[in-house]
Amino acid sequence: MIKASTITLLIAIFFISNKSIAQDKPEYQIVELDSVLYNSLSGKIKYFVDRNRNNFSFNDDIASSIFLSKASFVANKRWMTKSDFSDRKSLILDAKISPYINISPFNWTIGLNKKRGSYLMFALYFNPEFEVRIFKNDKTVGDSSLPVRTASSRPGGELFVSHNKLYKQGRKYNFGFSVKGYHHSNGQDGEEFNSIDKAWGKRGYFNTYNGNFSDDFVVELNGIMFLKNANSTINQYFKFGYGQSSGLAPGIKKYNIYGTNRFNLFYSLKSSKNYKRTIVDHDQKKIYDITRYNPIESFRLEFFASFITNQMNVGSIYNLSRATFQDRINFHSTLHYRLRGFSAAGLFVEGGYYGQDTYNAYFQRAAWFAKAGLSFGLFNYHKRADDLK
C-alpha cells in the first residue's frame, strides 16, 4: 500500500498541450508597446513601475532556480565505501520531494529612499520537504514487505531578499541573499545505537531500523547570484552559504558523530526557448508585441556540494576515530529534461558521492550512488504557454 500510494502521489502532474498562433511577417513594423507606454510616464510613476517589474523578475528568478523534486525508479544503486557496511539491493524508490510554496505578498517591497529610488525586495517560501526510500526485500539486512525506513521530514522556510542596486530586471548579473530555517527528524523512537549486532547494522553504529534521529533546527545564511545571457535562454544560478544545526538527539551530540556546521554550494544551469504574444494590425501594417513571457525551459543541470567543518568522529561509538576529508564531503550532479507538453514534469539522471548520507539514520554510511527517474516542480513554464509558439 505504501508503495502504490507514494508512487501515485509523485506522478500526479498536469498535461498541457501547445497551440499555434500567428507568426511575425517580415514586411510588418514591430512596435514594443510596453516601451512606448513606459517612455511616456513621469519619473515618479517610472519608479513604481520599475519597482514592480524588478520585484516580479526577482520572484520569478527565485522560483525558476530552486532545485527540482525527484523520484527515482531506475538504478537507485549505492556502492558503500566502508567495510563495516555491505552493499544493499537497489532501492525500489528513492524520492526527495521539495516543493517551494510562495506565501509572501505578490509585490513585497519596502521603500528606503524614494528620492534616490532605493528599496528592498522580499520573497518568503514555505518548504515542506521530505525524503523517502522504499527498500527491496532482503532478509540478510532485515528488510521485508518492501519497507520504508526512517523517512526524513524537513519542514521549514526560506526568506529571499535583495536591493534594487543589487538586482535589476534585464541586467546580466544580479545578486541577493537568503535565510533558511528547517527542522529535520525521522519520527522514530528506537534506541539510537545498536546495542548488539543486528541484521541491519553492527553493535555501536546508529540504528537504521528505527533509531531516534533529531536535528531540531538548522539555520542557513546564503549569498545568491543570478546570471543570464542577452535573451534569457541560458540562466545560471549560484547559491553559496553556511549552515549550522542545533538540538541534536542526545547520543549523536554526545559522541560528536554528525556534521552540524557546513559550507554549501548550489548551482543550476537552465536552457530555455523564447516565446511571445502579439497583436497584428493589418490596416496599419504593424505587429504589437504586447506580452513577453518567460522563456520555456528545455533542460536543467544542477550541482550540489557540501563540506562539514565542525570537529567530528566516525565509526562505532566503542571505537571512534577522527573524520577525514572523505567523511566530510557530499556532492552530486543532476540532469533534468522537461517532457514536451508538460509544465511541471521531466526525467532526470543523477550521480554523486555522500561521505555523510543526508537520509537521517543512514548518516554514517558513505557511498557513491546513481539513480534516474521522474523530476517535477518549478520548471520555467508560463501558465499560459499552451497558447504560445
Side-chain angles (χ1 to χ4, degrees), residues 72 74-96 131-152 184-188 190-215 248-249 251-260 262 304-308 310-332 350-371:
S72 55
V74 183
N76 284 334
K77 183 62 179 175
R78 292 177 178 268
W79 296 271
M80 312 306 293
T81 61
K82 296 184 178 180
S83 59
D84 289 328
F85 307 104
S86 58
D87 291 341
R88 303 169 72 117
K89 293 181 179 180
S90 298
L91 300 169
I92 289 178
L93 174 70
D94 185 356
K96 184 175 183 179
E131 191 172 356
V132 61
R133 295 177 185 174
I134 298 178
F135 295 88
K136 288 185 178 180
N137 295 337
D138 187 350
K139 292 184 179 180
T140 62
V141 292
D143 291 340
S144 61
S145 189
L146 303 180
V148 173
R149 299 288 185 211
T150 68
S152 287
H184 183 193
S185 62
N186 65 4
Q188 302 296 310
E191 63 178 2
E192 291 180 43
F193 299 93
N194 299 317
S195 54
I196 60 174
D197 288 347
K198 302 288 183 68
W200 53 83
K202 295 181 179 181
R203 175 176 176 268
Y205 285 92
F206 202 86
N207 170 20
T208 58
Y209 186 82
N210 63 350
N212 170 40
F213 177 93
S214 178
D215 187 358
L248 296 174
I252 300 176
K253 183 178 181 179
K254 177 182 178 180
Y255 296 106
N256 209 22
I257 56 175
Y258 186 73
T260 58
R262 303 170 188 249
F304 166 77
S306 178
F307 187 77
I308 298 169
N310 60 283
Q311 182 179 341
M312 189 175 72
N313 300 316
V314 295
S316 164
I317 59 173
Y318 305 113
N319 186 28
L320 292 171
S321 60
R322 289 297 178 92
T324 65
F325 177 87
Q326 289 82 359
D327 299 313
R328 297 174 178 273
I329 188 72
N330 285 3
F331 63 87
H332 72 254
E350 179 175 287
Y353 168 81
Y354 277 4
Q356 186 169 98
D357 198 329
T358 59
Y359 196 64
N360 57 73
Y362 287 79
F363 66 89
Q364 289 181 306
R365 305 197 172 197
W368 292 91
F369 62 90
K371 51 188 174 179

Could you state the interatomic distance from [atom1] ([X]) to [atom2] ([Y]), rounded to the nearest 0.5 Å?
X	Y	atom1	atom2	value
Glu192	Lys253	CD	NZ	12.0 Å
Lys254	Leu248	NZ	CG	14.5 Å
Gln364	Gln356	CD	CD	8.5 Å
Asn212	Thr150	CG	OG1	11.0 Å
Asn186	Asp215	CG	CG	11.5 Å
Ile252	Ile257	CD1	CD1	6.0 Å

Pair Glu191 + Lys198, salt bridge at N-O below 4.0 Å: yes

Distance-only donor-acceptor check, side chains Asn194 and Asp197, under 3.5 Å: no

No-hydrogen, no-angle side-chain donor-acceptor test under 3.5 Å, Ser72 and Asp94: no

Step-by-step side-chain contact (heavy atoms from CB on, under 4.5 Å) determination, Asp327 to Lys82: CA-CA 10 Å; Asp327 299 313; Lys82 296 184 178 180; 2.8 Å; yes

Does a side-chain heavy-atom distance below 4.5 Å link [X] with [Y]?
X	Y	answer
His184	Ser152	yes
Arg262	Arg328	no
Lys96	Thr358	no
Trp200	Asn207	yes

Name the orientation class of the two ring planes belonging to [X] and [Y] (parallel below 30°, tilted from 30 to 60°, perpendicular beyond 60°).
X	Y	result
Tyr354	Phe369	perpendicular
Trp368	Tyr353	tilted
Phe206	Phe213	perpendicular

Passing option when Asp357 is tested against Arg149, Arg365, Arg78 for salt bridge (charged side-chain N to carboxylate O under 4.0 Å, His left out): Arg78

Phe135 and Leu91: CA distance, side-chain angles, deciding distance, side-chain contact (heavy atoms from CB on, under 4.5 Å) verdict: CA-CA 5 Å; Phe135 295 88; Leu91 300 169; 3.3 Å; yes

Ring-face cation contact, Tyr359 with Arg133, 6.0 Å cut, 45° max: yes

Candidate pair Leu320 and Val314, rule side-chain contact (heavy atoms from CB on, under 4.5 Å), full reasoning: CA-CA 6 Å; Leu320 292 171; Val314 295; over 6 Å; no

Nearest non-hydrogen partners of Ala366 and Gly355, listed with the distance: CB-O, 3.5 Å

Nearest non-hydrogen partners of Leu146 and Ile134, listed with the distance: O-CG2, 3.8 Å

Donor-acceptor contact present, side-chain Lys77 to main-chain Arg88, <3.5 Å: yes

Flag, side chain of Asn313 to backbone of Tyr255, donor-acceptor distance under 3.5 Å: yes

